**Q** 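Sharing a structure below in structure tokens format, with a few things to ask.
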2 protein chains.
Amino acid sequence: MDEESLQNALKTAEILCAQRGVRFTAQRRRVLELVCRAERPVGAYEILDQLREGATAAPPTVYRALDFLLEQGFVHKLETLHAFIGCTHPEHPHASQFLICSDCGRVKELENEAIAGSLRTAAQETGFKAERPIIEVLGTCAHCRRKTEQAGTSPRVPLE
Amino acid sequence: MDEESLQNALKTAEILCAQRGVRFTAQRRRVLELVCRAERPVGAYEILDQLREGATAAPPTVYRALDFLLEQGFVHKLETLHAFIGCTHPEHPHASQFLICSDCGRVKELENEAIAGSLRTAAQETGFKAERPIIEVLGTCAHCRRKTEQAGTSPRVPLE
DNA sequence: AGCACTACTGTTATAATATTGCGAAAGGTA
DNA sequence: TACCTTTCGCAATATTATAACAGTAGTGCT
């Protein structure tokens with residue numbers, strides 16, 4: 001996330017917290033900032049390491065902040081990676097889908113109504129009440145595919 | 001899984017392993033049996049506890065067997081639960097979706113082409129090559145909803 | 001300001017999940 | 001049999017997450 005989006009995300013979080021009557025403490029702001037600043041999903045202990053620079057911190061510190069941010073919808077948890085990522089549209093609740101590149105590690109968040117809809121429909125057919133749909137697709141992003149396929153046209157490793 | 005489905009699952013696994021030229025060892029068979037016998041998803045350490053009855057076993061024993069069974073498509077891993085479940089149709093590779101009841105813990109495996117399709121389409125639009133789609137929906141199953149809603153018509157806890 | 005209340009934080013310990021590395025055993029093949 | 005590959009046993013350790021409890025700080029009230 002670039003500096004501008006980051007500032008925007010922090011500001012948005014601040015406003016939403018005020019509206020919702022919950023506290024956007026320094027600790028929580030700091031963790032949100034660290035998650036958003038990262039190019040890729042970050043693990044709880046990575047965040048912890050950064051928190052420890054200059055201060056003392058233990059796992060519950062991070063997990064509590066993350067729990068809060070998750071509840072408020074400011075970050076998402078990627079279950080397949082045990083890692084966290086800043087939400088790209090925190091203003092409204094939403095069902096998202098994540099495209100996770102196994103090559104570069106970057107993640108794209110989708111908000112695709114066709115997917116969400118077909119899932120709702122399928123669940124309803126069985127009488128199931130969907131509350132938290134988790135959709136994470138592991139694969140290869142466009143950028144990394146180009147890289148790999150170019151390399152693939154000539155042998156990746158010189159023949160011996 | 002009832003006894004008949006279990007025997008069927010084991011037989012199917014055996015045949016598929018023979019066809020694929022991989023070994024269906026006693027260890028692997030035993031772990032598959034334990035996973036399939038369970039009514040709900042089971043954690044690796046639950047399996048381990050059962051393996052230890054009468055023998056000695058350590059975590060790698062279970063995880064190695066599970067890795068094999070996952071590769072062969074005989075079991076699925078539920079990422080949101082850190083638990084494993086027997087596959088209901090191991091004969092062909094497939095993208096499944098799981099409806100996980102937070103109340104009773106039971107899981108229904110779907111194989112819904114509309115969901116899989118819309119996901120493929122959405123991924124393709126961004127040039128992403130989907131390799132392993134993970135779809136797990138937490139919610140409440142039909143059975144548990146009925147229970148809860150009935151209870152809800154009259155107060156669940158007697159008034160004081 | 002003083003007080004009570006609640007929400008948040010710090011700290012220690014520990015639980016739960018998963019992997020690494022190494023050497024021994026078992027199965028398959030010439 | 002000798003050889004090779006795969007699987008297994010075992011000890012240690014890494015990684016992710018939570019519990020329990022005491023202290024602190026913000027919030028609302030008088």
Side-chain angles (χ1 to χ4, degrees), chain A residues 13-14 17-35 38 40-72 74-85 105 134 136, chain B residues 13-14 17-35 38 40-72 74-85 105 134 136:
Chain A
E14 192 177 321
C17 283
Q19 285 175 5
R20 295 171 186 172
V22 296
R23 291 195 227 157
F24 192 49
T25 64
Q27 194 87 256
R28 292 166 176 177
R29 166 186 290 272
R30 180 108 175 79
V31 171
L32 179 56
E33 185 179 339
L34 290 171
V35 172
R40 296 155 230 273
V42 284
Y45 280 75
E46 283 179 73
I47 299 170
L48 185 54
D49 285 344
Q50 298 198 254
L51 281 185
R52 293 215 237 238
E53 284 169 14
T56 134
T61 301
V62 173
Y63 281 103
R64 282 193 287 231
L66 287 170
D67 283 347
F68 173 85
L69 298 171
L70 285 167
E71 269 169 25
Q72 299 301 321
F74 301 156
V75 305
H76 293 291
K77 176 169 190 182
L78 297 172
E79 298 286 346
T80 44
L81 302 181
H82 304 285
F84 302 83
I85 189 177
I134 308 287
E136 300 177 15
Chain B
E14 192 177 321
C17 284
Q19 283 175 6
R20 295 170 187 173
V22 297
R23 290 195 227 158
F24 192 50
T25 65
Q27 196 88 259
R28 291 166 175 177
R29 165 186 289 271
R30 179 109 175 80
V31 171
L32 179 57
E33 186 179 338
L34 290 171
V35 172
R40 297 152 230 275
V42 285
Y45 280 75
E46 283 177 73
I47 298 169
L48 185 54
D49 285 343
Q50 299 197 254
L51 281 185
R52 296 214 235 236
E53 283 167 15
T56 135
T61 301
V62 173
Y63 282 103
R64 282 192 289 230
L66 287 171
D67 284 348
F68 173 84
L69 298 171
L70 285 167
E71 268 169 27
Q72 300 300 321
F74 301 156
V75 304
H76 293 292
K77 176 169 191 181
L78 297 172
E79 297 286 346
T80 45
L81 302 181
H82 303 287
F84 303 84
I85 190 177
I134 309 285
E136 300 177 14

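Chain identifiers are assigned alphabetically (A, B, ...) following the order of the sequence lines, protein sequences preceding nucleic acid strands; residue numbering begins at 1 within each chain. It should be emphasised that the depicted structure is a prediction, and the values quoted were computed from it without experimental measurement.
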**Q** Please identify each residue that fulfils side chain to side chain donor-acceptor pair (under 3.5 Å) with B:R29, with sequence neighbours left out.
**A** B:E14

**Q** For A:E79, which residues count as a side-chain contact (heavy atoms from CB on, under 4.5 Å) partner, sequence neighbours excluded?
**A** A:K77, A:R132, A:I134, A:E136, B:E79, B:T80

**Q** Heavy atom of residues 44-52 of chain B under 4.0 Å from DNA chain C: which residues?
**A** B:Y45

**Q** Just jot down the salt bridge (charged side-chain N to carboxylate O under 4.0 Å, His left out) partners of B:E33, sequence neighbours excluded, or say none.
**A** B:R37

**Q** Is the shortest side-chain heavy-atom distance between B:L69 and B:V31 below 4.5 Å?
**A** yes

**Q** Can you name the residues that form a side chain to side chain donor-acceptor pair (under 3.5 Å) with B:T61, not counting sequence neighbours?
**A** none

**Q** For A:A44, which residues count as a side-chain contact (heavy atoms from CB on, under 4.5 Å) partner, sequence neighbours excluded?
**A** A:V62, A:Y63, A:L66, A:F84

**Q** Using a strict heavy-atom distance below 4.0 Å, which residues from residues 55-68 of chain A are in contact with DNA chain C?
**A** A:T56, A:A58, A:P60, A:T61, A:R64

**Q** D:dA17 C1' sits how many Å from A:L70 CG, rounded?
**A** 13 Å

**Q** Looking at five pairs on each end of the helix from C:dA1-D:dT30 to C:dA30-D:dT1, what is the angle between the two axes, given to 10 degrees?
**A** 30°

**Q** Do you know the tightest heavy-atom contact between A:G43 and A:A83?
**A** N-CB, 4.1 Å

**Q** If you look at every heavy atom in B:L81 and B:P41, which pair is closest and at what distance?
**A** CD1-CG, 3.8 Å

**Q** 5' to 3' on DNA chain C, which nucleotides open and close the contacts with chain A (atom under 4.0 Å from a heavy atom)?
**A** C:dA7 to C:dT12

**Q** Under 3.5 Å, sequence neighbours excluded: what are the donor-acceptor pairs made by side chains of residues 18-27 of chain A?
**A**
unit_1 : atom_1 : unit_2 : atom_2 : d
A:R20  : NH1    : A:Q72  : O      : 3.0
A:R20  : NH1    : A:Q72  : OE1    : 2.8
A:T25  : OG1    : A:R28  : N      : 3.3

**Q** Residues two or more places apart in sequence or in another chain: which of them pass side chain to side chain donor-acceptor pair (under 3.5 Å) with A:E71?
**A** none

**Q** Quick one, which residues of residues 21-34 of chain B touch DNA chain D with a heavy atom under 4.0 Å?
**A** B:R23, B:T25, B:Q27, B:R28

**Q** Once rounded to the nearest 0.5 Å, what's the spacing between atom CG of B:L32 and atom CZ of B:R30?
**A** 11.5 Å

**Q** Kindly compute the distance separating CZ (A:F68) from CG (A:L70), expressed to the nearest 0.5 Å.
**A** 11.0 Å

